[in-house]
Amino acid sequence: MERHIQILLNRISFASLTIGTMTLLFLFLQTPETCVPQGSIPKPHQKFPKSTCDFSHRAFTSIDKKNRRLWSTKDWLNKLHSFSSFFTDLQTLNHLHNHSKVLCVSAGAGHEVMALKQIGVGDVTGVELVDSPPLVSRADPHNLPFFDGVFDLGFSAHLDEALFRERFAAEMERTVRVGGVCVVAVEECGKEEVKEVAKLFRKSRFVSAKNVTLTGSKMTRIILRITTPP
Ligand SMILES: *[C@@H]1O[C@H](CO)[C@@H](O)[C@H](O)[C@H]1NC(C)=O
Ligand SMILES: *[C@@H]1O[C@H](CO)[C@@H](O)[C@H](O)[C@H]1NC(C)=O
């Protein structure tokens, strides 16, 4: 009796093993139905991007579209115009030329960068904590990623809001060559405050201060010429 059962159990386990193996073999040889056979035309719902390149292309397209919308707004055009006249004034004063290498620090969305390019300045770099491609790259104003003295003119309309004004000014000075100028637009102020701002630029000589209207705000434009290398 016991031997009988033993034989039966052996047979059953052998049968299960065979069935299991056959099933696995069958599954292995089957092409899953969810796979798209090679060479077949994908149905509309199966259109996937061909590669990661497709994604980057899409990203750029959407930035382009966003920029085109932004750059055609009335607010953008007004600010652009304001910066253009601001820089045209610097051209008249002989501080800025078409061949000048210009750095705009804390350039926001890049109004000043676009304005400089539009009036004919070929080499303009804009930096801000948050980038706005293609006009503005990401960089910390307190730690600019540029060598000493590589620019002819450094500009910022945001020295007032800097976390560390001395450090901000020192970095602008460091990246502008001796003989070049730093131009800052600060909240409208009188002689004493102008002196305070000028003092931040330790390697420069004060050139001039003038009240101006920039992007609808009353501001004071202060120009300093670099006299001492870093
Ligand atoms: C500077 O560039 C602008 C725009 O391209 C041009 O109209 C102007 O004549 C140039 N100025 C000089 C001095 O070459
Ligand atoms: C700017 O205007 C204010 C108010 O009229 C005046 O107090 C200040 O001295 C002016 N600053 C400069 C640099 O001319």
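The basis for the numbers below is simple: all heavy atoms, side chains too, and nothing from hydrogens, waters or symmetry mates. Note that ligands are numbered from 1 as they come in the structure, with each ligand's atoms numbered from 1 the same way.
- Ring planes of Phe83 and Phe86: perpendicular class, angle over 60° (limits at 30 and 60°).
- In this structure, Ser156 contributes its side chain and Val105 its backbone to a donor-acceptor pair below 3.5 Å.
- Checking side-chain atoms of Asn67 against main-chain N and O of Ser132 turns up no donor-acceptor pair under 3.5 Å.
- For a threshold of 3.5 Å applied to N or O pairs, the pair formed by Gln118 and ligand 1 contains no separation below that value.
- The ligand atoms of ligand 2 that sit less than 4.0 angstrom from a heavy atom of Gly190 are 8 (C), 9 (O).
- Compare Ile119, Val121, Asn98 by their heavy atoms: the one nearest to atom 11 (N) of ligand 1 is in Asn98.
- The protein does not reach atom 7 (O) of ligand 1 closely, with no heavy atom under 4.0 angstrom from it.
- Of all the heavy atoms of Lys218, none lies under 4.0 Å from any atom of ligand 2, so neither backbone nor side chain is involved.
- For atom 2 (O) of ligand 2, the nearest protein heavy atom lies under 4.0 Å away.
- Ranking the protein heavy atoms by distance from atom 4 (C) of ligand 1 puts Gly120 CA, 3.7 Å first.
- Judged by distance alone, the side chain of Glu173 and the main-chain N or O of Lys203 form a donor-acceptor pair under 3.5 Å.
- Nearest to atom 10 (C) of ligand 2 among the protein's heavy atoms is Asn211 ND2, 2.6 Å.
- Heavy atoms from other residues, nucleotides or ligands lying under 6.0 Å from NE2 of His97 number more than 12.
- Looking at ligand 2, you'll find an N or O of Cys189 within less than 3.5 Å of one of its N or O atoms.
- In this structure a side-chain-to-backbone donor-acceptor pair under 3.5 Å is missing from Arg177 to Phe151.
- A salt bridge links Asp148 with Arg174; the closest basic N to acidic carboxylate O contact falls under 4.0 Å.
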